Amino acid sequence: MPNIIAIAGSPSHPSRTYTLLEHSTKILQQEGFQTDIISVRDVPAEVLAYGRYDSPALEQPKGLIEKADGVIIATPIYKAAYTGVLKAFLDLLPQRALSGKVVLPIATGGTLAHLLAIDYALKPVLSELKARFILGGVYAVDKQLQIQQDGSLQFDQEIDQRLKEALNEFAQSVKSLQPNVKELASAN
């Protein structure tokens, strides 16, 4: 069973971004994937602020990322970039943390003006972590995601369809890449 790690880059909770990520992992679980969520806001602030690479608080997140076949990274977009807390977390990961993994970026924002933040802000950092299988991503405007009183998320039809298509592509990519990556790893 392929492992998926979902990284929530929102500094607040609850948030549209986190709820969207939770919804995505539930869809993948129904497809037979093992999923875990890392919320970077739960990493101690002093670890992130002082760049404590060797902190015991990072052992579990690093371990989950290492064993993952696929990674979903979700972040709200503020001022045309992903969150600072996500950047601090990504900076603490090993140089090749995303090597051999399929990566699906998901972002939320208040306006379409920040649509390209995935391509121009987030993807270069993911590439630096040696991600070579980065999918197009999904960007949702806040008005497309309405949090209901019970905490559930109401999707507008267009974003629901785009998310399902992206998750289907992600699932198929993880399944097809998984045997190839294992073969390459055993050959080295």
Side-chain angles (χ1 to χ4, degrees), residues 1-43 58 60-77 81-83 85-94 96-109 114-115 117-119 121-141 144-145 153 155 159-178 181:
M1 172 183 324
N3 285 307
I4 304 300
I5 188 65
I7 301 172
S10 180
S12 60
H13 189 78
S15 72
R16 286 178 176 85
T17 305
Y18 190 89
T19 306
L20 182 61
L21 191 62
E22 257 183 338
H23 178 74
S24 299
T25 60
K26 287 177 185 171
I27 291 171
L28 291 169
Q29 288 169 358
Q30 293 170 356
E31 297 294 319
F33 289 88
Q34 167 64 42
T35 66
D36 289 292
I37 297 178
I38 297 169
S39 182
V40 296
R41 70 182 298 276
D42 294 337
V43 176
L58 293 173
Q60 182 189 26
K62 286 179 181 179
L64 290 170
I65 293 168
E66 185 177 330
K67 76 174 189 174
D69 300 300
V71 178
I72 300 173
I73 297 183
T75 182
I77 301 298
Y82 55 94
T83 64
V85 70
L86 179 59
K87 173 65 170 141
F89 177 76
L90 294 174
D91 284 349
L92 296 176
L93 295 180
R96 304 184 61 77
L98 300 178
S99 179
K101 299 171 189 332
V102 177
V103 180
L104 175 63
I106 296 176
T108 60
H114 300 302
L115 172 68
I118 290 175
D119 292 327
L122 186 56
K123 283 185 178 181
V125 174
L126 301 177
S127 292
E128 185 62 26
L129 292 169
K130 305 304 180 222
R132 297 296 177 256
F133 309 103
I134 305 172
L135 302 180
V138 176
Y139 180 83
V141 178
Q144 294 176 306
L145 309 166
L153 198 58
F155 295 88
I159 194 63
D160 187 47
Q161 183 63 33
R162 283 194 300 118
L163 180 64
K164 286 177 180 170
E165 288 172 4
L167 289 171
N168 183 54
E169 179 185 10
F170 178 71
Q172 296 306 316
S173 297
V174 168
K175 288 176 183 175
S176 66
L177 185 64
Q178 189 182 15
V181 170

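Because the structure is predicted, anything quoted here is derived from the model rather than measured. All residue numbers refer to positions in the sequence shown, counting from 1. Because only heavy atoms are used, hydrogens play no part in the values below, and waters and symmetry mates are left out as well, while side chains stay in.
Nearest heavy atoms, Val103 versus Pro105: O-CD, 3.6 Å. For Ser10 against Pro76, the heavy-atom pair with the smallest separation is CA-CD, 3.7 Å. For the residue pair Ser24 and Leu163, the shortest heavy atom distance occurs at OG-CD1, 3.6 Å. Looking at every heavy atom in both residues, Thr25 comes nearest to Ala6 through CG2-CB, 3.7 Å. In terms of heavy-atom proximity, Thr83 sits nearest to Pro11 at CG2-CD, 3.8 Å. Summarising the geometry of Ile4 relative to Leu28, their closest heavy-atom pair is CG2-CD1, 4.2 Å, with the distance given to 0.1 Å.
In this structure, NE2 on His114 lies 11.0 Å from OG1 on Thr108, to the nearest 0.5 angstrom. With values rounded to the nearest 0.5 angstrom, Thr17 atom OG1 is found 8.5 Å from Ile77 atom CD1. Between atom NZ of residue Lys26 and atom CD of residue Glu31 there is a gap of 15.5 Å, rounded to the nearest 0.5 Å. With rounding to the nearest 0.5 Å, the separation of CD1 in Ile134 from CG in Leu122 is 8.0 Å. Summarising the geometry, atom CD1 belonging to Ile65 is positioned 10.5 Å from atom CD belonging to Gln60; distances are rounded to the nearest 0.5 Å. Here Ile72 contributes atom CD1 and Lys101 contributes atom NZ; the two are 14.0 Å apart, rounded to the nearest 0.5 Å.
Side chain of Lys87 to main chain of Val125: no donor-acceptor pair is present (N/O by atom type, distance under 3.5 Å, no hydrogens or angles). Counting only distance, with no hydrogens or angles, the side chain of Lys62 and the backbone of Pro94 share no donor-acceptor pair below 3.5 Å. In this structure, Arg162 contributes its side chain and Tyr139 its backbone to a donor-acceptor pair below 3.5 Å. The backbone N or O of Asn3 sits less than 3.5 Å from a side-chain atom of Asp69, completing a donor-acceptor pair.
Remark: Tyr18 engages His13 in a ring pair (Phe, Tyr, Trp, His ring centres under 6.0 Å) (not counting sequence neighbours). Legend: residues meeting salt bridge (Lys or Arg N to Asp or Glu O under 4.0 Å) with Asp160, ordered by chain and number and at least two apart, are Lys164. For Phe155, the ring pair (Phe, Tyr, Trp, His ring centres under 6.0 Å) partners two or more places apart in sequence, or in a different chain, are His23.
Environment of CZ in Arg132: crowded, with over 12 heavy atoms of neighbouring residues, nucleotides or ligands closer than 6.0 Å. Within 6.0 Å of the CD atom in Glu66, the count of heavy atoms belonging to other residues, nucleotides or ligands does not exceed 12. In Glu165, the CD atom is crowded: over 12 heavy atoms of neighbouring residues, nucleotides or ligands sit closer than 6.0 Å.
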Chi angles and distances behind the side chain to side chain contact (heavy atoms under 4.5 Å, CB included) call for Ile7, Leu21: CA-CA 8 Å; Ile7 301 172; Leu21 191 62; 5.9 Å; no

Query raised in the report: Yes or no on side chain to side chain contact (heavy atoms under 4.5 Å, CB included) for Leu58 and Phe89, after CA distance, side-chain angles and deciding distance?
Result: CA-CA 9 Å; Leu58 293 173; Phe89 177 76; 4.2 Å; yes

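Side-chain contact between Ile38 and Leu64: present, with at least one pair of heavy atoms (C-beta onward) separated by less than 4.5 Å.
Checking each of Leu167, Ile73, Val174 against Leu104 for a side chain to side chain contact (heavy atoms under 4.5 Å, CB included) leaves exactly one that passes, namely Leu167.
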